[in-house]
Amino acid sequence: MSAESKAPARAHSGATTSPRMGLRERKKQRTRRTIRAEAMKLFQRQGYSATTIEQIAEAADISPSTFFRYFPTKEQVVLADDVDPIMIDAIESQPPELSPLAAFRQAMRDTFHNLDPQDWQFEQDRMKLIYNEPELRSVIMQETERNVDLIAGLLARRIGREPDDFEVRTFSGAMIGAMMTAFGREGLDLDKVDRIAEFIAAGMPLGPGTPAPESGD
């Protein structure tokens, strides 16, 4: 599914609040989601750099001090990844007979297909903003390191090795680096996720390119 496609047609949202949450926790979750939704509208309407925390707070009908109880910086409104816990659960629930690559591939598809249209669109908008906004692109390396650590920890638990094992970290780094090519100016392209996984599984074979035809004199 390309970034321009409709969101996966599932009613269940991985980002919705748990029915086990108490009233206070549900209210906090709603406030957090409202802050992020209103901030995204402002970023899209007037630009990330031009949007202030005071404007976000006003749009979300909260005080600036309340904003800081949820997010330490404006940057974190965009960078905070609410999909991570869902992805972790999806990875850990994959059948043990699947290879690590197959497990991560299926978990990624399960995660994004289980987002409702509103959450899917927010994630697409969030990823597009990170990719296109210079202020946010500067922290992509930091996020890459965090994701390698996350995947290495999950992989190590799955196969019974240590997270700092050379092969574990190499696999994790290769997968995160490859999966980054599924993201672009239009967000995440789920079709590319499958192609990337198949390419890695095949050993990433690279043959010679087709020479460009010579132009006539």
task: May I ask you to say whether Arg195 pairs ionically with Glu198, meaning some side-chain N is under 4.0 Å from a carboxylate O?
output: no
message: Closer than 4.0 angstrom, basic N to acidic O: yes or no for Asp82 and Arg126?
response: no
Roughly how far apart are [X] [atom1] and [Y] [atom2], rounded to 0.5 Å?
X: Asp189; Y: Gln124; atom1: CG; atom2: CD; value: 8.5 Å
X: Asn147; Y: Gln142; atom1: CG; atom2: CD; value: 11.0 Å
X: Ile196; Y: Met108; atom1: CD1; atom2: CE; value: 7.5 Å
X: Met204; Y: Leu206; atom1: CE; atom2: CG; value: 8.5 Å
X: Phe67; Y: Arg32; atom1: CZ; atom2: CZ; value: 10.5 Å
X: Arg33; Y: Thr31; atom1: CZ; atom2: OG1; value: 11.5 Å

On a heavy-atom basis, which atom in [X] and which in [Y] lie closest, and how many Å separate them?
X: Leu101; Y: Ala201; value: CD2-N, 3.5 Å
X: Arg158; Y: Pro95; value: NH2-O, 2.5 Å
X: Val148; Y: Gly173; value: CG2-CA, 3.9 Å
X: Ala90; Y: Ser93; value: O-OG, 3.0 Å
X: Glu135; Y: Ser49; value: OE2-OG, 2.5 Å
X: Pro205; Y: Phe199; value: O-CE1, 3.2 Å

Membership question, hydrophobic clusters at under 4.5 Å side-chain separation (ILVMFWY): are [Y] and [X] in the same one?
X: Leu79; Y: Phe68; answer: yes
X: Ile151; Y: Phe166; answer: no
X: Ile159; Y: Ile200; answer: yes

Taking the side chain as every heavy atom from C-beta outward, state whether [X] and [Y] have any atom pair closer than 4.5 Å.
X: Lys27; Y: Arg24; value: no
X: Arg36; Y: Tyr70; value: no
X: Pro163; Y: Arg157; value: no
X: Glu38; Y: Lys41; value: yes
X: Lys128; Y: Glu133; value: no
X: Ile88; Y: Pro85; value: no
X: Glu123; Y: Val83; value: yes
X: Gln76; Y: Thr73; value: yes

- request: Kindly confirm or rule out a cation-pi arrangement of Arg137 over Tyr131, judged by NZ or CZ under 6.0 Å from the six-membered ring centre and within 45° of its axis?
  value: yes
Cation-aromatic face contact Lys192/Phe183, 6.0 Å, 45 degrees: no
Distance-only, no hydrogens or angles: does the [X] side chain make a donor-acceptor pair with backbone N or O of [Y] under 3.5 Å?
X: Asp119; Y: Leu115; answer: no
X: Asp165; Y: Arg161; answer: no
X: Gln94; Y: Phe104; answer: no

Around atom [atom1] of [X], are there more than 12 heavy atoms from other residues, nucleotides or ligands closer than 6.0 Å?
X: Asp84; atom1: CG; value: yes
X: Glu58; atom1: CD; value: no
X: Lys28; atom1: NZ; value: no

task: From the options Leu150, Leu154, Leu155, select the one residue that forms a side chain to side chain contact (heavy atoms under 4.5 Å, CB included) with Ile91.
output: Leu154
task: Give me the one residue out of Thr51, Val77, Ile56, Asp125 that meets side chain to side chain contact (heavy atoms under 4.5 Å, CB included) with Met40.
output: Asp125
- request: Would you sort out whether Lys74 and Phe43 count as a side chain to side chain contact (heavy atoms under 4.5 Å, CB included), showing the intermediate values?
  value: CA-CA 11 Å; Lys74 181 178 74 170; Phe43 297 152; 4.0 Å; yes
- request: Decide side-chain hydrogen bond (donor to acceptor under 3.5 Å, both in side chains) for Thr66 and Arg69; before the verdict, give the C-alpha distance in whole Å, the side-chain angles of both, and the deciding distance to 0.1 Å.
  value: CA-CA 5 Å; Thr66 298; Arg69 290 206 292 269; 3.2 Å; yes
task: Applying salt bridge (charged side-chain N to carboxylate O under 4.0 Å, His left out), run through Arg105 and Asp194 and close with a yes or a no.
output: CA-CA 7 Å; Arg105 174 189 186 179; Asp194 282 339; 3.0 Å; yes
- prompt: Using the ring of each side chain (for Trp, its six-membered ring), is Trp120 parallel, tilted or perpendicular to Phe112, with breaks at 30° and 60°?
  reply: perpendicular
- prompt: Should Ile130 and Glu75 be marked as a side chain to side chain contact (heavy atoms under 4.5 Å, CB included) after you check the CA-CA gap, both sets of side-chain angles, and the distance that decides it?
  reply: CA-CA 10 Å; Ile130 291 172; Glu75 184 181 85; over 6 Å; no
